[in-house]
Structures are given as structure tokens and as C-alpha cells.
Undergrad: 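Dumping the structure here so I can ask a few things about it.
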Amino acid sequence: MKSLVWLSVLITGFSASSAQDNRCFLEKGGSSEIFFVGEDIEVGSVIGTLEILGEIEKKSGISLRLSPQDVEIPVEIKSGTKDLILRRSLDKEGLKGPSSVSISVICDKLDSSDPGLVIPVNIRVTDVNDNYPEFVNEPYTVSTSEAAPVGSMIFNGIRAVDADQPGPFSTVEYSLAQGEFSDFFEFKNSLDGSLFLRKPLDYETFREMVLVIIARDQGNPPLESRTSLHVSVLDADDRNPAFTAPTYYAFMQDDAREGKILDVGPKKIEAFDQDLGIRAPLRYSIQNDEGLDRYFGINSTTKDIYIMHQIPEFEFVKPTTFVIKAMQIDNPDRYALAPLTISRGPNFNAPVQFTQRSHSVSVPENTSKNTTLLVLTTNRPGDRRVKFNVEDGSTDLFYINANAEVILVGELDFEEQEEYQLTAKATDGLSFDTCDITVKVLNVNDWDPMFGFGAYDFYVTREEMTLKNISLGRIEVYDKDVPDEITLDLRGSDVRFFEISQDGDIFVKDPSIVNVTTANLVITAKDNGIPSRQASVPVTVYFPPELIVRSQLAGFGDDLLLPIILGSILVGFMFLVAGLVAYICHNRRKTKRASSVTPLVTQFERTPSEKARTQILYAYPQRVTEANKSSIYLERCQNPMAKYAAVAKSSNSGSIPSSSSENKTSLEEMQDSKSIKSLELTTSGLLPGQTQFHEWLGTVKRMKPVDSIANQDRERWQHCSSSFYGEVEKDKELDGSVNVQQTAQVKRTPSQSAVSRLAVLY
């Protein structure tokens, strides 16, 4: 009984000892710990808790410490806990701190002599959108000509970099801040820092422009930086000269003589180059379709009209119209024209009359105030007693001064009224006259498209993620230019997920391909006016967070597809190479076996009358064994004379005799002189080592009668048979592996060599 008690005590102690052995092991059975923390974690925060078995600093517990080799590490173990505390900042980019941390935690078992267990701990730092885009070589300046066509690239040196890790946090989009000149330029691709001209430039209107460039990343929320771009507009010769007055008139007195300068109104003739940055010099001339310009000239310096020749009294009875031309000296294609009416001195006693009863003028709706639209003429030009006014029409928009100039004093708007009908009146107090004036207002694209809101936010629910073509809502946009049509367009890095109709409805094409939780878009509205104008509005679409996991899995499959394809190609190539190597080795072994047996070729040369045939006999090797050695050696001693007699006979007929016909050839055929001759010709091509056969052949020819030949032949082959049977013992020494050819090559006596060669020939 006592033995059982002691046994129970021992088992209990052993179990307790076994349980204590689990101290310092990881709870999940791994060999190392891994923690993931964002780079924005604050100093002093808990990175994570070590999942190590055992209680800290208690009896039969454990104690944790860092390896002495881990110096200046940014973490520490909080006393009395298993928590890792951050002592210094982390940074995924490695600029403000380490991008990853690897330490060794030593776990010591208290009340134990066992050495401490080393546990590797890896701290991985994840990226956070904590870096602003930074412009390179800012600020920017550029000079461009006012003649640059719309759509041309003005500047491509804008570039901003984001120090965050590659991805949405470091992807920079460019845009222009709203301002006075922002509608003149645009970024066609928001991811490219190339600036394009959107509206025509005019040196005479704006010579210097300042733009604000925005660089924004795709974080949530995004971070942005701003810089300036100074645009200097260069003047180009893109404008014709212009006169200071739309029309001119002059009076010629009755005593007009050669060289007389005429009085010109309403002001002195003068023109100027409208390209203010160029100011090209002008040359003046006067023209008339009736040839009356021969009487007048114009001084290009003073611009005075003078009489060149004496004018007959019958000329210029009525007012005559001339054309004054002002042309650039450096560019004849640039010129201006103005009408000049010349008449004899006015009759101030005649009733007032307009020289033209109706006028029509077209005016752009953006024409500024105090602009002269046209000049009226009467039969009493320059008479200060004649007064003018607008009799019927919009008196608040138009005014006629004392020089008969019709002046715009209000603002025109094509959308409000497209045409005005006026009646002008001229009177001297005693008489009056009227004329009709039609003013047509030309439409100018002076309104940008306008959106209903300054920004749009849309949210996609989990239920909608299972649908196709999710309708997010409608974008409201309108244009005050009545006939203009608006075209909507989507831009941005996530535009591939969306589409928009021309009615303003925006859709998600396929939610299954969306791999972001927040999509940033820009909707651009562009009208068809001249020049075209456009406006933009930002749009943000929010997707459910669980979409991130699905997109990451889809991305993982896409990333794995290329290695799988390349691996399959590599494996197929290896199989192909292995097959080629096996094929080559197999052919080499086959060739080696074939080359180890050299076929014996016997050529039989014949005369042309015997059709010059060649017979080739091959002696193939045959293994000598106990079963077939007697037949093989007997076969070696068969009558070679019969063999070659049969060959000689077949040479005349052109066929090769079979082995059976060779053995049956009679000795009588050998006595035939023709056969003997053929036999000599047949054997003349034998190898030099077969001279014994030739000697024997000559002996046979001289022997007569047949019986003696037969006796000689019998004696000779009896000797051959005994000689070959004597070689059996030599073949046994070769372990039965000597073939027919090898037997013929064994060194023998001269008498045996001749017989061996005959056997080989056979």
C-alpha cells in the first residue's frame, strides 16, 4: 500500500514538473512574434503584448528581458508586464525613424537552472498618409505667345513628389485653384503635370497671369500642397491696324488749288497697330474706284489729305467716297480701311438731309461702354447748328453726339435682346431729317457652365454592391448662354469604375472591379460656345470597408498569374531539353553499337559488257556459345570455291545468289572457262590481305581432271576444318564473346591466316 502512495506522489510531481516545462513557450505554438503597427503610432504607446506562457516575476513564473545585443532599439518591455512599449518614433519611409524593428526577447524560467529561451520578435511598420506632396523646383515661370492655339501645351515642368510608399498615398493629382485666370488653362490628365491652353490669350488684355497649382494625394483625407505659376504673355502680330474713327469726311473750297490741304473731320486721320507690344509702322494710301484718287494724295507722316492736281469745276458736284488704307510696312497682309467722303464746300442754307437713309451694324454683346458704333453723315457736315438725337428706340443704351457718332452707353446682352431698331434725327431748328439704324447683338460665350453644388458626395451601401450599374445620383449643371449645349466628362485616377450620361446621371459600372473604399473624381462640364468655356466639380464616392479584403484577394490573384505562366513555360522548356538530351544519348549509344561492327564490303568490278554491277556482302557478328559453336566453326570451313563460283555465275545474270544456292553449286560449273574468268574479275577487287585466295584460285585453274580437283579440294578443307576446331580452346579463353570477325582477327600462323580470311569473306 505504501508503494502505491509513493507511486502516486511521484506521478503527481512528474506531472507538475511537465506543466512547468511549458513556460516561455508561445501560447499559439509558434517560434516568433510578429506585430504590425502604423507609422503614426505615438511614442509611449503599447505596440503589442507578447503571448508567452507563464506569469511575470512570480514564484515558478518567468521574467522577460531584451537581448544585450539589441542596443538603441526603439522599443522596451514594460516592467512587470509582457507589453512592448515604443520609445522612439517609427517611419515607413525610414526618414524620421526605423521602417522595421527586429529584436530578441529572452525568457528566463524562475527557480530553474535552465538557460533562457530566445524569442525573435519582428515589428512591421505600415504606411500612413503622413507626407505632403512637395513641388520640385518651385515656383514656376513660363512665357507664351498670344498666338498659341487653344489646346496646345504651355508648360510641362510641373512636378510634385510624395514621400509615402508607392500607392494611393503617394499618387499625386494636379489641379488649378479657382481664380481670375484659372479658366484660361487646364490639366488634361490630372496625373500629369502638363498644362494646356484652354482659351485664347490676348496680349492687349492680359500681359501677366498668376496661377495657383494644387498637388493633392489620394489619401483619406487627402493631403495637398500649393505653388504658383507666373505666365508672361508675349505679343504677336495677330491684329490689323485700326483707325481712330470709323469714317472721315473732308470739304473742298471753290478756290481749291494744287497743294491745298483739306479740312478733315470728325478728327484727323490716324491709324495705329493694335499689337501694342509690336507697334509696327504704317503706310497710308487713298483709293477710288472711279479713278478720282488721281486728284488727291495723303502724307504718310502727317496723314493730311492734299490736292495733287487742279480739279475741274464739273468734278465733285456731288459728294464722292474714297477709301483710306493704312498698311503695316513689315507685313502687307495687316492693314485697315476707312471711308473718306470728299465734297465741295457745304451749303449751310440748304435743308438738312442724311446722305444715307438706313444703316445696319453688328455689335458683340461684350462690347464695352462709350464705344462708337457708326458715324452718320449729312449734306451739311461740320455745321455746328445741326443737332442729332435718337428719336425712337432704346435711348438708355444709345446716344448720338454733335459729330453724328452713334455711341453705346449701356450694356448689351444677347440672352435678353438680340436686335434693336433705332430712328436717328438731325435738325438745324428750321428743317430736320431721319434715318433708320439696325443694331444686331452678337452672342458671345461669356458664361461658364455652373453646377448646382460646389462638391458632391455619394455613398454605396452593402446591398447595392451586389447590383450592376449602380445609380449614384444626378449632377445638376446649367449655362446662362441660351443656345449653348453642355457636354459632361469624368476625370481622375478612379474614372475606370464609373460612367456618366449627358443628363448628369452618374453610375458605378461594375462594383466587383472596384478596389478602393474612397474614389475621387472630377466632373467637367464644357459648352459649345465660341470660345468654349468649361467648369469642374469634385466628386467623392464611398464604398463599404469590406471591399478592401475582396480587392486585395483579387489583386493577389492578378499578381500570382504572371509567375504561374512563367513557371509553366519554364517547366515545359525543361521537359523539352530533357527529351532532346535523352534522344541524343539514345542515338549515340545506337551509333556506337553499330560502329563496333564494321561491315566487310566486297566490291566486284565487272567489265562494261557485264553491266558493271557491284555486290556488297556484309558479315554480321555472331556470338559463339556452347550450343552453336560446332555449326559456326563448320560454317567457317565451307567450300569458298563454291561460294565464289556462285557469285561469278550470278554476276553474268545480274543477281545475288542466296546461301542455299551457294552450297549447291557443282564443281562442274567451276571448270567452265567463262566462269573462271568471271571469277578472276570478281575477286580482283578484294583486299590486299587475301592473296592466299588468289594463289589457290590459280591452282584450281591448272588442275585437271575434275576428280583431281575434287580430291585437292577435299584435302584442303579437311585441313581447314581441323584448324578451326583447334581454335575452340582460344575462343573459350575469350569467355565465348568472340564473334566471327574477332575470330578472324586472332593472331595465327600464316597458313591459318589465309583460311581465317576466307571465313571472314564468307
Side-chain angles (χ1 to χ4, degrees), residues 149-153 173-179 182-192 194-200 214 216 218 365-366 413-416 418 442-461 463-516 518-543:
V150 174
S152 60
M153 185 174 64
E173 290 185 337
Y174 303 95
S175 61
L176 292 173
Q178 293 295 323
S182 59
D183 57 341
F184 282 87
F185 306 91
E186 65 177 344
F187 289 100
K188 290 186 176 180
N189 184 355
S190 60
L191 300 178
D192 183 16
S194 299
L195 192 65
F196 292 83
L197 185 63
R198 178 182 169 190
K199 293 174 56 178
I214 301 176
R216 182 184 294 111
Q218 297 184 10
E365 63 175 339
N366 61 349
D413 190 351
F414 177 84
E415 285 70 33
E416 293 183 1
E418 299 180 7
L442 301 179
N443 186 28
V444 175
N445 191 20
D446 51 358
W447 290 97
D448 287 336
M450 289 180 287
F451 291 92
F453 298 94
Y456 290 87
D457 292 335
F458 297 101
Y459 294 85
V460 180
T461 63
E463 292 76 13
E464 291 176 330
M465 291 302 296
T466 60
L467 304 177
K468 295 286 187 179
N469 293 328
I470 303 173
S471 178
L472 300 178
R474 172 167 290 191
I475 306 297
E476 298 178 354
V477 60
Y478 60 95
D479 195 327
K480 288 186 177 181
D481 294 312
V482 176
D484 288 356
E485 296 181 358
I486 298 176
T487 302
L488 298 177
D489 185 27
L490 282 175
R491 299 180 182 179
S493 59
D494 301 323
V495 69
R496 63 187 182 278
F497 306 137
F498 305 90
E499 62 182 6
I500 188 171
S501 67
Q502 294 307 310
D503 295 331
D505 296 322
I506 184 170
F507 300 90
V508 180
K509 292 188 292 186
D510 187 0
S512 63
I513 65 174
V514 180
N515 57 4
V516 294
T518 303
N520 297 310
L521 305 172
V522 175
I523 296 181
T524 302
K526 185 176 183 180
D527 62 25
N528 62 342
I530 301 177
S532 176
R533 302 176 75 95
Q534 69 179 23
S536 301
V537 64
V539 176
T540 305
V541 182
Y542 298 93
F543 293 93

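All of these numbers come straight from a predicted model, not from anything done at the bench. Just so you know, residue 1 is the first one in the sequence shown, and it goes up from there.
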Undergrad: Looking only at non-hydrogen atoms, find the nearest pair between Ile486 and Pro449 and report the distance.
TA: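 Heavy atoms only, the tightest pair is CD1-CB, 4.3 Å.
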
Undergrad: How would you list, by chain and number, every residue that makes a side-chain hydrogen bond (donor to acceptor under 3.5 Å, both in side chains) with Lys199, sequence neighbours excluded?
TA: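 Lys199 satisfies side-chain hydrogen bond (donor to acceptor under 3.5 Å, both in side chains) with Asp183 once adjacent residues are dropped.
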
Undergrad: Check salt bridge (charged side-chain N to carboxylate O under 4.0 Å, His left out) between Arg474 and all other residues, then give those that pass, not counting sequence neighbours.
TA: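 Only Asp505 meet the salt bridge (charged side-chain N to carboxylate O under 4.0 Å, His left out) criterion with Arg474.
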
Undergrad: To the nearest 0.5 Å, what is the distance between CG (Asn366) and CG (Leu442)?
TA: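 It is 9.5 Å, given to the nearest 0.5 Å.
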
Undergrad: Heavy atoms, side chains only, cut-off 4.5 Å: are Leu176 and Leu195 in contact?
TA: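 The answer is yes, as the side chains (C-beta and beyond) meet within the 4.5 Å cut-off.
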
Undergrad: I want to check something: taking the side chain as every heavy atom from C-beta on, are Thr461 and Tyr459 in contact at a cut-off of under 4.5 Å?
TA: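 With C-beta onward as the side chain, the pair stays apart.
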
Undergrad: Run the numbers on Glu485 and Asp527 for side-chain contact (heavy atoms from CB on, under 4.5 Å), then give the verdict.
TA: CA-CA 5 Å; Glu485 296 181 358; Asp527 62 25; over 6 Å; no

Undergrad: Holding to salt bridge (charged side-chain N to carboxylate O under 4.0 Å, His left out), I want the full list of residues that pass it with Asp448, two or more places apart in sequence or in another chain.
TA: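 Salt bridge (charged side-chain N to carboxylate O under 4.0 Å, His left out) list for Asp448, sorted by chain: Arg533.
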
Undergrad: Of all the heavy-atom pairs spanning Leu521 and Phe498, show the shortest one and how long it is.
TA: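 Minimum heavy-atom contact is CD1-CD1, 3.6 Å.
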
Undergrad: Rounded at 0.5 Å granularity, tell me how far CD in Glu476 sits from CE in Met450.
TA: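 These two atoms lie 12.5 Å from each other.
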
Undergrad: Within the structure provided, determine whether Tyr174 and Ser190 are in side-chain contact (heavy-atom separation under 4.5 Å).
TA: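 They are not in contact (no side-chain heavy atoms under 4.5 Å apart), so the answer is no.
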
Undergrad: Are the side chains of Phe414 and Val444 in contact, using a 4.5 Å heavy-atom criterion?
TA: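 Answer no - side chains too far apart.
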
Undergrad: Could you tell me whether the side chain of Ile470 reaches within less than 4.5 Å of the side chain of Phe507, counting heavy atoms only?
TA: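 No. Closest side-chain heavy atoms not under 4.5 Å.
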
Undergrad: Taking atom CD1 of Ile500 and atom CD1 of Ile506, what is their separation to the nearest 0.5 Å?
TA: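 Ile500 atom CD1 to Ile506 atom CD1 measures 5.5 Å (nearest 0.5 Å).
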
Undergrad: Enumerate the residue pairs fulfilling salt bridge (charged side-chain N to carboxylate O under 4.0 Å, His left out) with a member in residues 495-504, sequence neighbours excluded, ordered by first and then second residue.
TA: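 Sorted result for residues 495-504: empty, none.
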
Undergrad: For the OG atom of Ser536 and the CD atom of Gln178, what is their distance to the nearest 0.5 Å?
TA: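 Those atoms lie 7.5 Å apart.
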
Undergrad: Please report the interatomic distance OH(Tyr542) to CG(Leu472), rounded to the nearest 0.5 Å.
TA: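 Rounded to the nearest 0.5 Å, the OH-CG separation comes to 13.0 Å.
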
Undergrad: Once you measure the plane-to-plane angle for Phe453 and Tyr456, does it fall in the parallel (<30°), tilted (30-60°) or perpendicular (>60°) bin?
TA: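 Perpendicular, since the angle between the ring planes exceeds 60°.
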
Undergrad: Looking only at non-hydrogen atoms, find the nearest pair between Ala177 and Ser182 and report the distance.
TA: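 Smallest interatomic distance, heavy atoms only, reads O-CB, 3.3 Å.
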
Undergrad: Search all heavy atoms of Ala525 against all heavy atoms of Val477 and return the closest pair with its distance.
TA: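 Looking at all heavy atoms of both residues, the shortest contact is CB-CG2, 3.7 Å.
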
Undergrad: Rounded to the nearest 0.5 Å, how far apart are OG1 of Thr518 and CD of Gln218?
TA: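 Spacing of OG1 (Thr518) from CD (Gln218) equals 10.5 Å.
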
Undergrad: What residues form a salt bridge (charged side-chain N to carboxylate O under 4.0 Å, His left out) with Arg491, not counting sequence neighbours?
TA: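 Checked Arg491 against salt bridge (charged side-chain N to carboxylate O under 4.0 Å, His left out); matches are Glu186, Asp489.
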
Undergrad: Using atom types as modelled and distance alone, determine if a side-chain donor or acceptor of Glu173 lies under 3.5 Å from a backbone N or O of Arg216.
TA: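 Checked: no pair found.
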
Undergrad: Between Gly473 and Phe458, what is the shortest heavy-atom contact and its length?
TA: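 Reported closest heavy-atom pair: CA-CE2, 3.9 Å.
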
Undergrad: Any side-chain heavy-atom pair from Leu490 and Ile523 closer than 4.5 angstrom?
TA: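 Counting from C-beta outward, Leu490 and Ile523 do come under 4.5 Å.
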
Undergrad: Mind checking salt bridge (charged side-chain N to carboxylate O under 4.0 Å, His left out) for Lys509 and listing every partner two or more places apart, or none if nothing turns up?
TA: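 Residues passing salt bridge (charged side-chain N to carboxylate O under 4.0 Å, His left out) with Lys509: none at all.
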
Undergrad: Ignoring hydrogens, what is the shortest heavy-atom contact between Val537 and Gly454? Give both atom names and the distance.
TA: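 The pair with the smallest heavy-atom distance is CG2-O, 3.3 Å.
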
